[in-house]
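Below is one structure, written out as structure tokens; comments come after it.
Letters go in sequence order (proteins before strands), and every chain restarts at 1. Source: prediction; values computed, not measured. Excluded from the calculations below are hydrogen atoms, water molecules and symmetry mates; all remaining heavy atoms, backbone and side chain alike, are included.
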2 protein chains.
Amino acid sequence: MTRKPATTRVRTRSDANNNVAPARTARKRGASRPSGAGEAAPYHHGALRGALLEAAERVLERDGLAGLTLRAVAREAGVSHAAPTHHFGDLTGLVSELAAVGYRQFSAAMTAAAAAGTSLTEKAMARAKAYVAYAQARPGMYSLMFRNERIDMTRPSLHEAASVSFQGLANSAGAGGEALAALSLDQAAVIARNWSLVHGFTMLLLDGRLKDILHRLPEGTTPEQLLGAMMRAAVMRPPGA
Amino acid sequence: MTRKPATTRVRTRSDANNNVAPARTARKRGASRPSGAGEAAPYHHGALRGALLEAAERVLERDGLAGLTLRAVAREAGVSHAAPTHHFGDLTGLVSELAAVGYRQFSAAMTAAAAAGTSLTEKAMARAKAYVAYAQARPGMYSLMFRNERIDMTRPSLHEAASVSFQGLANSAGAGGEALAALSLDQAAVIARNWSLVHGFTMLLLDGRLKDILHRLPEGTTPEQLLGAMMRAAVMRPPGA
DNA sequence: GATTTATCTTTACACCGTAAAGATACCGAT
DNA sequence: ATCGGTATCTTTACGGTGTAAAGATAAATC
């Protein structure tokens with residue numbers, strides 16, 4: 001939206017069309033795209049989509065959610081501002097695909113963390129810490145994934161990636177094996193409770209709502225310590241108990 | 001941002017300047033402003049600020065967070081698009097003041113709910129239900145209040161309104177009386193835990209992340225029932241216990 | 001090799017935030 | 001009562017954004 005003060009705006013090719021001869025055909029196939037060797041995709045085909053997603057991730061980490069615009073992503077990728085439209089249709093489309101990428105990263109981090117612990121409670125704690133750690137490492141991505149305003153959950157790839165994540169969370173939260181069908185109120189309560197607890201803590205932490213509490217704690221207490229103590233604390237303990 | 005499909009755009013006076021003679025001086029003082037009788041504010045002075053806040057609340061509830069723009073609020077209030085600038089300086093300014101209004105509504109709802117219950121756990125449960133109920137009744141307002149992107153917590157009025165809310169939450173969560181200074185890790189854990197639990201549940205519910213779980217429950221189970229069961233459930237109960 | 005098609009660029013438009021300048025009406029001092 | 005000052009509101013202007021539509025270019029297919 002507004003001004004976007006710094007960022008220096010590297011002035012790519014398609015930026016403010018220098019009205020001279022086009023001078024394209026300079027880079028033939030395989031000239032750009034520094035990633036791997038020459039895979040199947042032959043430059044003019046298929047490569048931009050992935051490049052745009054990587055550019056979007058970069059923009060998101062650099063400029064935050066507010067800076068994540070279609071045109072900024074196009075600039076970052078070095079293409080014209082309308083190029084992303086063809087691949088994602090929409091800003092919502094691009095952001096949704098980016099969120100799907102995030103859900104896959106998130107799932108991977110969670111399963112990796114769960115493999116570390118030995119006992120069940122250790123595993124659960126490791127997962128919770130990995131959950132919060134992911135959100136702290138990639139706050140923009142986490143916000144994207146867990147808010148509806150800019151993504152469209154009905155997109156197949158996003159829906160699937162998110163479902164995998166949620167299924168992993170539910171399984172780890174207490175619903176034994178492959179609980180896909182019905183749930184008792186108590187089972188659902190355990191899942192919702194653990195998820196709400198860690199998600200709420202994450203959101204409050206990211207949005208700075210726990211700053212006051214953390215400042216009143218002994219010097220140098222980390223959010224992770226608070227998280228650990230919190231998950232051990234009794235339920236709704238009345239004051240003075 | 002984008003298109004804003006419906007809403008019909010009522011075409012107020014200041015909308016797309018009809019290039020004829022101005023024809024102002026039609027409404028003298030006290031002609032508009034349908035709210036109360038003739039209070040102290042004499043139209044050209046002081047009244048617009050409040051009117052803009054009310055207009056903003058209306059726009060937020062009607063068009064959601066995405067529709068809450070400076071110009072939309074100005075249209076809703078029937079003034080030129082640049083009028084809000086003088087009173088709030090900034091979009092962030094207006095949104096922050098609106099969030100302050102929300103925090104005051106929120107605090108009032110919480111204290112009213114706490115007065116209802118008799119026992120301590122009853123009070124706590126009533127407060128939690130009021131918390132979720134407020135967010136469900138005013139999802140846009142709640143999102144505004146608990147996210148940083150569009151508000152500026154350093155604004156004095158917002159900071160104070162939010163502090164009052166948070167203090168109320170902390171007091172109700174277990175930290176006895178006027179616990180302002182230091183906190184032990186256990187005290188902080190109780191506060192953070194209760195707050196995280198209800199905030200996380202609220203966010204997940206508003207963003208539709210609990211839809212799958214709710215669908216797997218017995219027909220007609222309400223979110224409130226899940227909330228109640230959740231707050232009674234055991235902590236990190238291992239599967240098959 | 002010609003045509004079709006997918007991909008990318010240009011151009012255009014409405015909306016947005018915000019700065020700056022102009023118009024209007026209130027206010028206090030004389 | 002009038003006059004200057006000031007607060008309030010409107011106009012105008014500019015760059016940014018999303019997105020639609022048309023033009024250009026290269027790949028693909030026959």
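Here A:H86 does not reach the OP1 or OP2 of C:dC8: none of its side-chain N or O atoms lies under 4.0 Å away. In terms of phosphate contacts, A:H81 brings no side-chain nitrogen or oxygen within less than 4.0 Å of OP1 or OP2 of C:dT11. For C:dT10, the OP1/OP2 oxygens have no side-chain nitrogen or oxygen of A:S80 closer than 4.0 Å. Taking only side-chain nitrogens and oxygens, A:R75 comes nearer than 4.0 Å to OP1 or OP2 of D:dT17. For A:T85, no side-chain nitrogen or oxygen approaches OP1 or OP2 of D:dT19 to under 4.0 Å.
When the C1' atoms of four end pairs are superposed on the next four at each end of the helix from C:dG1-D:dC30 to C:dT30-D:dA1, using five pairs per end, the two resulting axes differ in direction by 0°, to 10°.
If you measure from atom CG of B:L91 to atom P of D:dT17, you get 16 Å, rounded to the nearest angstrom. Distance NE2 (B:H87) to P (C:dT18): 16 Å, rounded to an integer number of Å. Atom-to-atom, CZ of B:R49 to C1' of D:dA7 comes out at 15 Å; the value is rounded to the nearest Å. What separates CD of A:E76 from P of D:dT17 is a distance of 13 Å, to the nearest Å. If you take CG of B:L48 and C1' of D:dA7, they are 12 Å apart, rounded to a whole angstrom. If you measure from atom CG of A:D63 to atom P of D:dT17, you get 10 Å, rounded to the nearest angstrom. Rounded to a whole Å, the CZ atom of B:F88 is 16 Å from the C1' atom of C:dT18. Rounded to whole Å, the distance from CG on A:L68 to C1' on D:dG18 is 13 Å.
No hydrogens or angles were tested; on distance alone, a donor-acceptor pair under 3.5 Å links the side chain of A:R71 to the base of D:dT19.
Sorted by first and then second residue, the side chain to side chain donor-acceptor pair (under 3.5 Å) pairs involving residues 204-215 of chain A (not counting sequence neighbours) are A:R209-B:N148.
Annotation: the span from A:S172 atom OG to A:M110 atom CE amounts to 5.5 Å, rounded to 0.5 Å. Distance check, rounded to the nearest 0.5 Å: CG of B:D63 to CG of B:L68 gives 9.0 Å.
Of the listed nucleotides (C:dA20, C:dT11, C:dC8), C:dC8 has the atom at the smallest distance from the side chain of A:A83.
Classification of the B:Y131-B:H199 ring pair by plane angle, with boundaries at 30° and 60°, yields perpendicular.
In summary, the aromatic rings of A:W195 and A:F166 are positioned with their centroids under 6.0 Å apart.
Evaluation of the ring-ring contact (aromatic ring centres under 6.0 Å, His included) rule for B:F88 yields no partner, not counting sequence neighbours.
Side-chain atoms of A:D90 and A:T92 include no donor-acceptor pair closer than 3.5 Å.
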